[in-house]
Each structure stands twice: as C-alpha cells, then as structure tokens.
Asker: 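Here's a structure for you.
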Amino acid sequence: MDPLTQGLIGATAARSSVAGDMPRAGWIGLIAGMAPDLDVFIRSETDPLLAVEYHRHFTHALAFIPIGGLLCALPWLLLPSLRERWREVLIASTAAMATHGLLDSATTYGTQLFWPFSTYRAAWDWISIIDPVFTLVLLLGVLIAFLRKSRVPALISLACAVAYLALGAWQNQRALAAQHQVANLRGHAIERGQAFPTIGNLLVWRSLYEANGHFYSDRIRVSLTGDILWTEGQQVRSVRLDDLPAPWADHPMAGEDFQRFAWFSDQWVAASQDEPGLFGDARYSLQTAVYDPIWGIRFDPHRQRPTEWVSRTPERKLNWSGLWQEIKGTDPAYQPLPTP
C-alpha cells in the first residue's frame, strides 16, 4: 500500500506490542513499517525489468521479518535511553516489519511472501493500494495511543484494521460470485478470474476473467446490503509468448523478458489498443471503460537490450466524480444482475 499507511500500521503494531509508556515505540514502528519499500532502489540501467522484479521481493518475505526487525532496531539502540529496553525495541521493530508484507499481500500488485521457498506472488485482492478509511482508522489509533500513553487505543485500531481487511475478503468473494453470474450470461466457462477493489472503497470492484483466449473486464458494485449492480466493460485478447510476432519471438532476450513481465503481471498480459507494440498488465488501466495499460513493455530488436519498460503512471487521472457516483450507486450505466 502507500507508504503512509504502511508506516501507520507499523506504528500501530509496534505500539500494540509494547506495554507501558514507551513513546518512541510508535516512531520505531513507523520507520520499520516503511523500511521494506527501500527495495525500490534496486534497479539497473541495463535491465529495465530489474526494478519491478525486485520490488516486493525478499524485503517483503515472511522469512525476512526477523532480519529486517533487527536491522531496523539497531539504530535506535545507539540511543542510551533505549539500550536497557532493547527487548522492547526489538519486539516493536519486528512487529512493525511483520505488517508490511502481509498488508501488501492483501492488495492486487503481488508480493513474494514465501521467498526464498517460492516465487509465488501473493495477491489477495482485499483492499486497494489507497484506502482513506483504512488509513484514518490507523492514524486515529496511533494518535490516541500517543496522547493517552497507552497501547489500548492502538490495539483497538489494529483490531478494526483486521476487521476491515476481513470485510474486504468477504466483499471480494461476493464480487467473484457476481463475476460468475456475468460469465454465465455470456455463456462463458471462466478459466481464471479475479476481482480487484477500486481505489478508496470496498463497494466497486473491477472484474477480470479469462475465457476462450480473451480477457473480459467489467465493473461490479457490491453493496453491503446485498444489492449487486454491474456495467459491461471491454474484452481484449490475451497474449502469450507464442503469440509474439517475429522478430520478437525469435529474439532470446526479448522472449526471456516477456516471460519475466508475464510472471510480474500474473499472466494478465494484453496488447494495448492504442499503442502498437506495447504489451500491458491488464489488471490496471488508465481508463474505466476501456483497456488502456498503466504500464507494460515494448520491444525494439535493434537495440542491445530489446526490452523497454513503459510506465504511464503520471498520465493517470482519476474521475473522482464518476467514482463517487459508482460508490453511491447512482451511476446510470449500472444495472441489476439478472436472477440466475
């Protein structure tokens, strides 16, 4: 998730884990909670995919938690006032470190939670990378715990955060059930499917499933009262290594990089509709109604390194008024799902 939320949940976990008055526990947790994202500095001028390959990599793994907790605790132990409380410092730092990979796994992006035993990218699709409700709950807990010099508000805040994630997991399953209804309307047998929470809420979900060599993207609104609405999106053809045109398919390095990108995007690879030669991650789109990849790769076989990483993140402009209509359930494009 965003660095602020990662820091706040780290501070909340750290303060919850330390009994008594230890004001610095929150600061220890804040820094340790954000520290795993230092992996963004792992990059290469000659390998454009190295950065995306190593983000959410070993620093986010469960196996790294004790190592990362110790590393983040060491600078604090240089302070004479904290040396006698080294156990609490280490506990606070480790507790905060433990929250980072788990929270990132609750999003869509993908986290190598089980490295070095597996390169599987855990992505549970329970919460958006930005959710102000979730962030506000953590912020209030940390502030009240600091002002009252008690860990009880932090514990309550952490429990509320866990409950919010559980709500996201439940909403995700309801969105997936609605996705199957949509597929049945089209006569499709879903080969695989996911439902991604849209930014800042757990009501509007982006449905994406594969059938007959195509990806089908729709918007599904799952209210907390049981009503489900949907609006039809777009279909695009899926792209595999065998689908690459020559000379890309014949270039060994281009083929290897395509496989790396396909792993990163969990095999949701589709060609851009507007930019020839750009293969994007179909999980993310600049636009709501049509597939317009936020990032992807482009090949130029005449270059020494034929792969170019393309990021269009700065071009992303959210339609806040449209999203608010979707969240409220007043968007006229949405219709009730027919009863099975």
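Just so you know, residue 1 is the first one in the sequence shown, and it goes up from there.
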Asker: Would you say Ser238's side chain and Phe215's backbone share a donor-acceptor pair under 3.5 angstrom?
Answerer: no

Asker: Can you list the steps and then say if Phe196 with Asn172 is a side-chain contact (heavy atoms from CB on, under 4.5 Å)?
Answerer: CA-CA 8 Å; Phe196 312 123; Asn172 173 261; over 6 Å; no

Asker: Test your reading of the model: is there a side-chain donor-acceptor pair from Ser118 to the backbone of Trp115, 3.5 Å cut-off?
Answerer: no

Asker: Give the C-alpha distance, both sets of side-chain angles, the deciding distance and a yes or no for side-chain hydrogen bond (donor to acceptor under 3.5 Å, both in side chains) between His100 and Asp104.
Answerer: CA-CA 6 Å; His100 193 109; Asp104 272 348; 3.2 Å; yes

Asker: Could you tell me whether a side-chain N or O of Glu191 sits under 3.5 Å from a main-chain N or O of Asn212, the two making a donor and an acceptor?
Answerer: yes

Asker: With the threshold set at 4.0 Å, does a side-chain nitrogen-carboxylate oxygen contact exist between Arg283 and Glu210?
Answerer: no

Asker: Leu102 and side chain to side chain contact (heavy atoms under 4.5 Å, CB included): which partner among Leu62, Leu165, Ile9?
Answerer: Leu62

Asker: Verify, without hydrogens or angle tests, whether Ser105 (side chain) and Gly101 (backbone) share a donor-acceptor contact under 3.5 angstrom.
Answerer: yes

Asker: Group every Ile, Leu, Val, Met, Phe, Trp and Tyr by side-chain heavy-atom contacts under 4.5 Å, then state whether Leu103 and Ile199 land in the same group.
Answerer: yes

Asker: Check this for me, if you would: do Arg305 and Asp257 make a salt bridge, where the nitrogen-to-carboxylate-oxygen distance has to be below 4.0 angstrom?
Answerer: yes

Asker: Are more than 12 heavy atoms, taken from residues, nucleotides or ligands other than Arg148, located less than 6.0 Å from that residue's CZ atom?
Answerer: no

Asker: If you group Ile, Leu, Val, Met, Phe, Trp and Tyr by side-chain heavy-atom gaps below 4.5 Å, do Leu138 and Ile129 land in one group?
Answerer: yes

Asker: Centre of Trp263's six-membered ring, under 6.0 Å away, within 45 degrees of the axis: is that where NZ or CZ of Arg121 sits?
Answerer: yes

Asker: Once you measure the plane-to-plane angle for His60 and His55, does it fall in the parallel (<30°), tilted (30-60°) or perpendicular (>60°) bin?
Answerer: perpendicular

Asker: Quick one, Gln235 with Ser217, criterion side-chain contact (heavy atoms from CB on, under 4.5 Å). Give me CA distance, side-chain angles, the key distance, then yes/no.
Answerer: CA-CA 6 Å; Gln235 73 175 64; Ser217 175; over 6 Å; no

Asker: Taking side chain to side chain contact (heavy atoms under 4.5 Å, CB included) as the criterion, tell me which of Tyr334, Trp205, Trp230 meets it with Arg221.
Answerer: Tyr334

Asker: Determine whether more than 12 heavy atoms belonging to other residues, nucleotides or ligands lie under 6.0 Å from atom CH2 of Trp27.
Answerer: no

Asker: When clusters are formed by joining ILVMFWY residues with side-chain heavy atoms under 4.5 Å apart, either directly or through shared neighbours, do Val137 and Leu224 land in the same one?
Answerer: no

Asker: Is the ring pair Tyr216/Tyr209 parallel, tilted or perpendicular, if the boundaries are 30 and 60 degrees?
Answerer: parallel

Asker: State whether the side chain of Trp324 and the backbone N or O of Gly322 hold a donor-acceptor pair below 3.5 Å, judged by distance alone.
Answerer: no

Asker: Taking all heavy atoms of Gly200 and all of Pro132, pick out the closest pair and write down the distance.
Answerer: CA-CD, 3.7 Å

Asker: Start with the C-alpha distance between Leu229 and Ile220, add both sets of side-chain angles, then the distance that settles side-chain contact (heavy atoms from CB on, under 4.5 Å), and finish with yes or no.
Answerer: CA-CA 6 Å; Leu229 304 173; Ile220 297 175; over 6 Å; no

Asker: For Ser265 and Phe261, indicate whether the former's side chain and the latter's backbone hold a donor-acceptor pair under 3.5 Å.
Answerer: yes

Asker: Between Phe299 and Phe279, how do the two ring planes meet: parallel, tilted or perpendicular, split at 30° and 60°?
Answerer: tilted

Asker: Looking at Arg219 and Ser207, would you say the former's side chain and the latter's main chain have a donor-acceptor pair under 3.5 Å?
Answerer: no

Asker: Hydrogens and angles aside, do Thr107 and Arg56 bring a side-chain donor and acceptor to less than 3.5 Å of each other?
Answerer: yes

Asker: Just by distance, with hydrogens left out, do Asp131 and Ser128 show a side-chain donor and acceptor under 3.5 Å apart?
Answerer: no

Asker: Quick one: do Asp292 and Arg312 make a salt bridge, cutoff under 4.0 Å?
Answerer: yes

Asker: Can you check whether Leu203's main-chain N or O pairs, donor with acceptor, with Ser223's side chain at less than 3.5 Å?
Answerer: no

Asker: Picking from Asp274, Leu278, Asp281, what satisfies side chain to side chain contact (heavy atoms under 4.5 Å, CB included) with Pro293?
Answerer: Leu278

Asker: Can you tell me if Ser16 uses its side chain to pair, donor with acceptor, with the backbone of Thr12 under 3.5 Å?
Answerer: yes

Asker: Can you label the angle between the Phe64 ring and the Phe58 ring as parallel, tilted or perpendicular, going by 30° and 60°?
Answerer: perpendicular

Asker: Keeping the roles fixed (side chain from Thr198, backbone from Val204), state whether a donor-acceptor pair exists under 3.5 Å.
Answerer: yes

Asker: Does the side chain of Ile297 reach to within under 4.5 Å of the side chain of Glu308, using non-hydrogen atoms?
Answerer: no

Asker: Are Tyr284 and Tyr291 close enough that their ring centres sit under 6.0 Å apart?
Answerer: no

Asker: Is it true that Arg260 and Asp47 make a salt bridge, defined as a side-chain N closer than 4.0 Å to a carboxylate O?
Answerer: yes

Asker: Check the pair Leu50 / Arg43 against side-chain contact (heavy atoms from CB on, under 4.5 Å), numbers first and verdict last.
Answerer: CA-CA 6 Å; Leu50 188 70; Arg43 54 185 64 246; 5.6 Å; no

